[in-house]
Amino acid sequence: GENVEQHPSTLSVQEGDSAVIKCTYSDSASNYFPWYKQELGKGPQLIIDIRSNVGEKKDQRIAVTLNKTAKHFSLHITETQPEDSAVYFCAARDLQGAQKLVFGQGTRLTINP
Amino acid sequence: ETGVTQTPRHLVMGMTNKKSLKCEQHLGHNAMYWYKQSAKKPLELMFVYNFKEQTENNSVPSRFSPECPNSSHLFLHLHTLQPEDSALYLCASSQDFGGGAADTQYFGPGTRLTVL
C-alpha cells in the first residue's frame, strides 16, 4: 500500500522568511495530494491540494509543487507570519484503487517573531 | 469548523466503561470518516461510510463499533478499551467518495479520549 514520508518533523523560521516542507510517496498510482494545517485544539484544515495533472499550484502565500517522476511534493509558505505556526500534514491518495488518504507524520512549524 | 461538529470534546473512561462519540456534519455531504490521531504517529483511517453504508474497515479492533444512521450523523461506540487507545479521534466528511474533485475531506475538532 501507499506510504508517505514527511520531513522535517519540526521547522523553525523567522517571521517573513519562507518555509518548505517535503513529502515523498511510494505508490506511483497516487494522483491527489492535499495539505492540511492543524492548530492546537482543532481538527486539520485543508489549505491547498494538487492533482497529478499539474506540477504546481499557488494560493496567495502558499504553493505546492509536485514531481511525479521522483514521487515527491512540497509545500512552500512565503512571507511567513506568526499565525502560520501549526502542524502541517501532507497526504496522498490513489484515486484508482483504495481511494484512501494516507497521511505523513506531520511537521510542527514555528514562526519566530 | 462549524461544518463538522464532534461531541464530547474530551472524554475520560475506564477500561470497563461503554461510551459513544458523536459526529454531525452540516455540509450536506454523503461520505463520513473516523480517524485516530496518536502522538507522533500519522493519522490513521478507521472507518468510511458512503451513503450510510460502510465501505472501509481498516482492520480496527471490534472494541470500536461505528454506526451511521443517516448521512449527517456518525457514531463511534467504545467498549472495553485499552490505555493504548487513548488518542484524538477525528471525524471527517466529504461530498462524495468516488475519486473525483468532490472528495475533499473536512475535519471536525476531534474528541480527546483518555482510557485509564
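Naming convention: chains lettered A, B, ... in sequence-line order (proteins, then strands); numbering from 1 in each chain.
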**Asked** Is there side-chain contact between V4(A) and P42(B), with heavy atoms separated by less than 4.5 Å?
**Response** no

**Prompt:** How about E79(A): does its CD atom have over 12 heavy atoms from other parts shown lying under 6.0 Å from it?
**Reply:** no

**Fill in**
Cut-off 4.5 Å, heavy atoms of chain B, and the answer for Q6(A) is neither

**Asked** What about V64(A) and V102(A), same hydrophobic cluster or not, with Ile/Leu/Val/Met/Phe/Trp/Tyr joined at side-chain heavy-atom distances under 4.5 Å?
**Response** yes

**Complete:** So OH of Y36(A) and OG1 of T104(B): to nearest 0.5 Å the spacing works out to 6.5 Å

**Request:** Take Y35(B) and L101(A) through the side-chain contact (heavy atoms from CB on, under 4.5 Å) test and state the conclusion after the steps.
**Result:** CA-CA 11 Å; Y35(B) 285 88; L101(A) 276 180; 4.0 Å; yes

**Prompt:** More than 12 heavy atoms of other residues, nucleotides or ligands under 6.0 Å from CZ of R61(A): is that the case?
**Reply:** yes

**Message:** Between F89(A) and Q37(B), does the side-chain contact (heavy atoms from CB on, under 4.5 Å) criterion hold? Intermediate values first, please.
**Reply:** CA-CA 12 Å; F89(A) 294 94; Q37(B) 186 175 34; 3.2 Å; yes

**Prompt:** Are V87(A) and I21(A) connected in a single hydrophobic cluster, I mean Ile/Leu/Val/Met/Phe/Trp/Tyr linked by side-chain heavy atoms less than 4.5 Å apart?
**Reply:** no

**Asked** Given that the side chain runs from C-beta out, which part of L43(B) has a heavy atom under 4.5 Å from chain A: side chain, backbone, both or neither?
**Response** both

**Request:** Quick one: closest heavy-atom pair of L90(B) and P44(A), and the distance?
**Result:** CD1-CD, 3.8 Å

**Asked** Near Q60(A) CD, under 6.0 Å, is it more than 12 heavy atoms from other residues, nucleotides or ligands?
**Response** no

**Whether over 12 other heavy atoms sit under 6.0 Å from L116(B) CG** = yes

